[in-house]
Amino acid sequence: MNKRLFVLLIILMSLSLIGIIFVQGYWINNTVENNEEQFSFNAKQILISVSNNIQYREFEEMFFPLQEVLANIEELDDKTLRQSLNVTIDNTTRTFAYANGILEEDYKLFSSFINYNIDTVKLKNILNRNVDISIEKKNNVTQQKSKDKLDRIKKLTDLQRKDYEIVIGEFANLIPIHRRVKKEEIHSLLKKELKERDIKIDYEFAIYSNALATRVRSEDFSLDYSNTYAVPLFVNEEGVSRYQLYVNFTGEKRYVLSTILGMGILSIIFTLVIVVAYSSALSQLLQQRQISQIKTDFINNMTHELKTPIATINLALDSIKNPKIGGDPEKVKRYMGMIREENKRMHAQVENVLRISQLEKNELNIKKDRQELHHIIEDAVTHVSLIIENREGYIKSHLGALKSTVLANDNHLTNVVVNILDNAIKYSEEEPKIDIYTENVKNSIVLKVRDQGIGMSKVAQKKIFEKFFREHTGDLHNVKGHGLGLTYVKRIIDDHHGQIWVESERGKGSTFIIKLPLIS
């Protein structure tokens, strides 16, 4: 794939992924904001409903006693009104028998009213307008008693109801707020409203009077205007109220988030799936590109490795055909030796490729038996001794392990050691200097092959056993190979239930370490 096209594809995929994540984040954020607005709307509706219910309950409790008073007044003047209110409250406690809470606690409500500076003229005018109701009630006492109290309130016209609300409001303002409304009532109404809207959330509440706290409050309430919902309580005919009901819904954010929890989790899961799929696809693309590049390098190296011996063989054959050379037995022998060595070299390259192929297909039949690792090491050293001598280097063995019996395949394990020694030779710029150590560690034997070559980087140490990997050495091409030798080594050691790793520092050489289990 063209490099520019590949980069463009990566950019487009990345932008698409970022776009998907952005859209998901925008959707979640937008949904949270909408749910917060919906919750705020519901909260306000709940408070309005609670306020209305409390005010209606108070109206209902005080409406019937007031009607009883009016039913017994013949002429609504100030004196009669005052006396009737006092007499009714003082002598007829059963008038308030059905009233729970406030009126039961303070049955002298109306007599208290007499002692306050209230516009009685205004109240008398209102009551005079509604005297027809009282007279009708007085003439039909039996009939009215049999009717439902709720129906009696429903019979009021809007104007009549408003008049009574004014009167009752004047009376109720004389009562302390903690008698007009109980904490239990607010609790009950809030729970009822929340249940009807299927909202499961905790709350704290309080009633304030002109910014001052009253005794009606829950234990843990604290006023925070930014997070507190408020509604006026006991609003008069002019729309003015002395009291405000404040409610804090604790865990509001948690509740709002819980409303989108299911969709949010699904959204996150799908986004993660897309991210994982993208990462996998990107990794595969990069890996395929890397493999493509590695295979290209492998083919180039392999071609070079085969081209050189083929060219050498052709030259040697041409030389042998020359009559002058053909008549010289020594030269013919020399050229025949060159042909044999180059042929062995080609054969070794092909064998390495075939070995890797067989290992990947699990077709390499490795039979193991008892072997002495020290003998295998000595055999491997013999294979490379001539090359070491030719380069004027050395191999020194320090076989300190007292036990060296392992379950292994002689040929493959010998090839492992030869491969490591061959790498030590190839990556030594000067004469190769190699030391071989063995030691026993518990039930294992550890083999170390240390050279004083060019070493390798930290990155190379992590990838040295990967197929086709060869560390780049700038513009130097003096070290030939195809990156399969150490892959073969790793696979053989793994098959022998062993471990292999490398310790190296650039410019100071490398140490290959093999650990194999011992057998008794």
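The two residues Arg217 and Ala206 make their nearest non-hydrogen contact at CB-CB, 3.5 Å. Taking both residues in full, the closest heavy atoms of Gln244 and Asn210 are given as OE1-N, 3.7 Å, listed atom of the first, atom of the second, then distance. Summarising the geometry of Ala380 relative to Val417, their closest heavy-atom pair is CB-CG1, 3.5 Å, with the distance given to 0.1 Å. The minimum heavy-atom distance linking Pro517 with Val406 is given by the pair O-CG1, 3.6 Å. The nearest pair of heavy atoms linking Glu431 to Glu392 is CB-O, 3.4 Å. Between His496 and Ile492, the shortest heavy-atom contact is ND1-O, 2.8 Å.
For Lys368, the NZ atom is densely surrounded, since the number of other residues' heavy atoms within 6.0 Å is greater than 12. Under a cut-off of 6.0 angstrom, the local environment of CE in Met336 is sparse, with at most 12 non-hydrogen atoms contributed by other residues, nucleotides or ligands. Residue Arg197 places its CZ atom among more than 12 non-hydrogen atoms of other residues, nucleotides or ligands, all under 6.0 Å distant. Within 6.0 Å of the CG atom in Asn443, the count of heavy atoms belonging to other residues, nucleotides or ligands does not exceed 12. For Glu430, the CD atom counts as loosely surrounded, since its 6.0 Å shell holds 12 or fewer non-hydrogen atoms of other residues, nucleotides or ligands. At most 12 heavy atoms of other shown residues, nucleotides or ligands fall within 6.0 angstrom of atom CZ in Arg254.
In this structure, the side chain of Asn248 does not engage the main chain of Leu223 through any donor-acceptor pair within 3.5 Å. At distances below 3.5 Å, not a single donor-acceptor pair connects side-chain atoms of Ser49 with backbone N or O atoms of Gln45. Judged purely by atom type and a 3.5 angstrom limit, Ser279 uses its side chain to pair as donor or acceptor with the backbone of Val275. Remark: side-chain polar atoms of Ser504 are paired, donor with acceptor, to backbone N or O of Met456 under 3.5 angstrom. The backbone N or O of Ile310 sits less than 3.5 Å from a side-chain atom of Asn314, completing a donor-acceptor pair. For His375 (side chain) and Gln371 (main-chain N/O), no donor-acceptor pair under 3.5 Å exists by modelled atom type. In this structure, the side chain of Thr438 engages the main chain of Gly400 through a donor-acceptor pair within 3.5 Å. With hydrogens and angles ignored, the 3.5 Å screen pairs a side-chain donor or acceptor of Ser385 with a backbone N or O of Thr382. Although no hydrogens or angles enter the test, the distance criterion places no donor-acceptor pair under 3.5 Å between the side chain of Asp422 and the main chain of Val418. Judged by distance alone, with hydrogens and angles left aside, the side-chain atoms of Asn440 form no donor-acceptor pair with the main-chain N or O of Ala401 at under 3.5 Å.
Side-chain atoms of Asp202 and Thr250 include no donor-acceptor pair closer than 3.5 Å. A side-chain donor from one of Tyr229 and Ser40 sits under 3.5 Å from a side-chain acceptor of the other. With 3.5 Å as the limit, one finds no donor-acceptor pair spanning the side chains of Tyr243 and Thr214. Side-chain atoms of Ser428 and Gln452 include no donor-acceptor pair closer than 3.5 Å. In this model, no donor atom of one side chain and acceptor atom of the other lie less than 3.5 Å apart for Thr511 and Glu503.
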Candidate pair Ser218 and Tyr203, rule side chain to side chain donor-acceptor pair (under 3.5 Å), full reasoning:
CA-CA 9 Å; Ser218 59; Tyr203 56 84; over 6 Å; no
side-chain contact (heavy atoms from CB on, under 4.5 Å) between Val231 and Val247: does it pass, once the steps are laid out?
CA-CA 9 Å; Val231 65; Val247 177; over 6 Å; no
Could you check Glu330 against Arg334 for salt bridge (charged side-chain N to carboxylate O under 4.0 Å, His left out), going step by step and ending with a plain yes or no?
CA-CA 6 Å; Glu330 288 296 325; Arg334 178 190 171 192; over 6 Å; no
Test Leu516 against Leu413 for side-chain contact (heavy atoms from CB on, under 4.5 Å), laying out the working first.
CA-CA 11 Å; Leu516 293 171; Leu413 204 54; 4.2 Å; yes
Let me see the working for Arg491 and Asp495 under salt bridge (charged side-chain N to carboxylate O under 4.0 Å, His left out), right down to the final yes or no.
CA-CA 6 Å; Arg491 294 294 294 272; Asp495 189 77; over 6 Å; no
One pair to check against side chain to side chain donor-acceptor pair (under 3.5 Å): Ser397 and Glu378. What are the steps and the verdict?
CA-CA 9 Å; Ser397 297; Glu378 291 168 357; over 6 Å; no
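A cation-pi arrangement is found for Arg180 relative to Phe234, the charged atom lying closer than 6.0 Å to the ring centre and inside a 45° cone about the ring normal. Figure legend: Lys396 and Tyr394 shown as a cation-pi pair, the cationic atom lying under 6.0 angstrom from the six-membered ring centre and within 45 degrees of its axis.
With a 4.5 Å cut-off on side-chain heavy atoms, Lys433 and Asp451 do not count as touching. For the pair Ile434/Leu421, a side-chain contact is recorded, criterion being any heavy-atom separation below 4.5 Å from C-beta on. Ile46 places a side-chain heavy atom less than 4.5 Å from the side chain of Leu190.
In this structure, Phe221 has its ring center no closer than 6.0 Å to that of Phe205.
Taking the six-membered ring where the residue is Trp, Phe39 and Tyr255 present tilted rings, their angle falling between 30° and 60°.
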